[in-house]
There are 2 protein chains.
Amino acid sequence: MAKYHETPIDRTFFALADPTRRQVLERLKSEPGLSISELAQPLPIKMPGLMKHLAVLSDAGLISRTKAGRVVTVSLAARPLSEAADWLHHFEAFWNVSLDRLAALVEEEGEA
Amino acid sequence: MAKYHETPIDRTFFALADPTRRQVLERLKSEPGLSISELAQPLPIKMPGLMKHLAVLSDAGLISRTKAGRVVTVSLAARPLSEAADWLHHFEAFWNVSLDRLAALVEEEGEA
DNA sequence: TGAAAACTTTGCTATATGGCGAAGTATCAT
DNA sequence: ATGATACTTCGCCATATAGCAAAGTTTTCA
């Protein structure tokens, strides 16, 4: 098979495909500058599990770490999110079309 | 571990995390009503591989199939895409902030 | 009827993911 | 120097993903 998540956008969408990781991003949005322990505290998983999720988020460029003493502060990087949004954006015209119209289109095509 | 892609939004982001699947969606956007063979034609993978990708897209609700004789026509379903875009949307304010301002924030937090 | 076409399913393989406990590395406080 | 704190890495496991060839199904055409 091809490489698993080769491009940046692959890594971004993959990173977003997990509720724990999305929760981390949302938490960092509302409470910037949390440490890794603080992020871990409400989560139902152990530290090594969180470390793996943070590695996925780092690989996607969605977070960056800053070490101060023994505390690692995590911050959100918005760029990949905006790139993912851009990709979705060029479908916007499509999802604004009513479902009725879509159904009509499908039937039309079915006859061809 | 928790279930792999339990929620609709998990499945949507996961489906988007692969270039073949994104290519299928883009192709369906510009050429609605393609059959599975037509979708397969430009792709560097065999039919069983495409079938798996289509299954992932179906599970995410991103496509639907319509069978006419032996030909299966695939059409794009926009709803999950718009929901994914909505999730990203609530980070928009964040990525509109300049990177300079972000850097400042990080330093500020570093001192606390 | 018989064969081709279009799709589907069935194994099979290799690699990735997501979790854990345990052990390791810094850093800070006593 | 000792020990605690904060994070990191290591092995290990179970399951998922992504690919293929080959065999199976349904529909169409000769």
Side-chain angles (χ1 to χ4, degrees), chain A residues 1-7 10-25 28 33-60 62-75 109-112, chain B residues 1-7 10-25 28 33-60 62-75 109-112:
Chain A
M1 194 223 293
K3 286 272 185 69
Y4 274 63
H5 297 114
E6 204 162 13
T7 71
D10 288 1
R11 289 190 284 272
T12 299
F13 280 127
F14 178 74
L16 295 175
D18 177 279
T20 299
R21 291 192 293 260
R22 288 197 308 279
Q23 201 179 319
V24 165
L25 295 178
L28 289 172
L34 288 177
S35 70
I36 292 182
S37 317
E38 288 165 335
L39 281 171
Q41 196 261 317
L43 295 174
I45 57 173
K46 302 297 179 188
M47 282 290 288
L50 177 56
M51 295 303 288
K52 285 203 186 175
H53 285 302
L54 294 179
V56 171
L57 290 167
S58 293
D59 287 350
L62 284 163
I63 59 169
S64 58
R65 295 157 147 98
T66 309
K67 190 167 178 176
R70 59 192 159 167
V71 173
V72 175
T73 287
V74 182
S75 52
E109 290 293 325
E111 289 161 27
Chain B
M1 196 222 294
K3 287 271 187 68
Y4 273 63
H5 296 114
E6 204 162 12
T7 71
D10 287 1
R11 289 190 284 272
T12 299
F13 279 128
F14 178 75
L16 295 176
D18 177 280
T20 300
R21 290 192 293 259
R22 287 196 308 279
Q23 200 178 320
V24 165
L25 295 178
L28 289 172
L34 288 177
S35 70
I36 291 182
S37 317
E38 287 166 335
L39 282 171
Q41 197 261 318
L43 296 174
I45 57 172
K46 302 296 177 188
M47 282 291 288
L50 176 56
M51 294 303 287
K52 285 204 186 173
H53 285 302
L54 294 178
V56 171
L57 291 167
S58 292
D59 287 350
L62 283 164
I63 60 169
S64 58
R65 295 157 146 97
T66 310
K67 189 167 180 177
R70 60 191 159 167
V71 172
V72 175
T73 287
V74 181
S75 51
E109 290 293 325
E111 289 161 28

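Chain letters run A, B, ... following the sequence lines, proteins first and then strands; every chain starts at 1.
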- Item | Interatomic distance, Met47(B) CE vs dT26(D) C1' [rounded to whole Å] | 14 Å
- Do Val72(B) and Thr66(B) have side-chain heavy atoms sitting under 4.5 Å apart? no
- Would you say the side chain of Arg70(A) and the base of dA26(C) hold a donor-acceptor pair, judged only by whether the two atoms sit under 3.5 Å apart? no
- Message: Should the side chain of Tyr4(A) and the base of dT17(C) be counted as holding a donor-acceptor pair, with the cut-off at 3.5 Å?
- Response: no
- Between the base of dG19(D) and the side chain of Lys52(B), is there any donor-acceptor pair under 3.5 Å? yes
- In whole angstrom, give the distance that lies between atom CE of Met51(A) and atom C1' of dC10(D). 13 Å
- Message: Between Arg65(A) and Ser58(A), is there a side-chain donor-acceptor contact under 3.5 Å, judged purely by atom types and distance?
- Response: yes
- Message: Rounding to an integer number of Å, can you tell me how far Lys67(A) NZ sits from dC28(C) C1'?
- Response: 12 Å
- Query: Nearest-Å distance, CG (Asp59(B)) to P (dA16(D))?
  - Reply: 12 Å
- Message: The criterion is salt bridge (charged side-chain N to carboxylate O under 4.0 Å, His left out); which residues satisfy it with Arg22(A), sequence neighbours excluded?
- Response: Asp10(B)
- Message: Distance check needed: dT17(C) C1' versus Asp18(B) CG, whole Å only.
- Response: 15 Å
- Query: What do the steps show when you test Glu38(A) against Ser35(A) for side-chain hydrogen bond (donor to acceptor under 3.5 Å, both in side chains), and what is the final call?
  - Reply: CA-CA 5 Å; Glu38(A) 288 165 335; Ser35(A) 70; 3.3 Å; yes
- Would you indicate, yes or no, if dT17(C) has its OP1 or OP2 atom less than 4.0 angstrom from a side-chain nitrogen or oxygen of His53(A)? no
- Is the distance from OP1 or OP2 of dT17(C) to the nearest side-chain N or O of His5(A) less than 4.0 Å? yes
- Round to a whole Å and report the spacing from CZ of Arg11(B) to P of dA16(D). 13 Å
- For Gly69(B) and for Thr20(B), find the nucleotide of DNA chain D with the closest heavy atom, then tell me which residue's nucleotide is more 5'. Thr20(B)
- Item | Between C1' of dT17(D) and CG of Asp10(A), the distance in whole Å | 13 Å
- Task: Looking only at side-chain atoms of Ile36(A), point me to the closest of dT8(C), dT8(D), dA6(C).
- Result: dT8(D)
- Item | Phosphate OP1/OP2 of dG18(C): any Arg21(A) side-chain N/O under 4.0 Å | yes
- Query: Arg11(B) and His5(B): side-chain donor and acceptor closer than 3.5 Å?
  - Reply: no
- Starting at atom CG of Leu50(B), determine the distance to atom C1' of dA21(D), rounded to an integer number of angstrom. 16 Å
- Select from Arg65(B) and Ile45(A) the residue whose nearest nucleotide in DNA chain C is closer to the 5' end of that strand. Arg65(B)
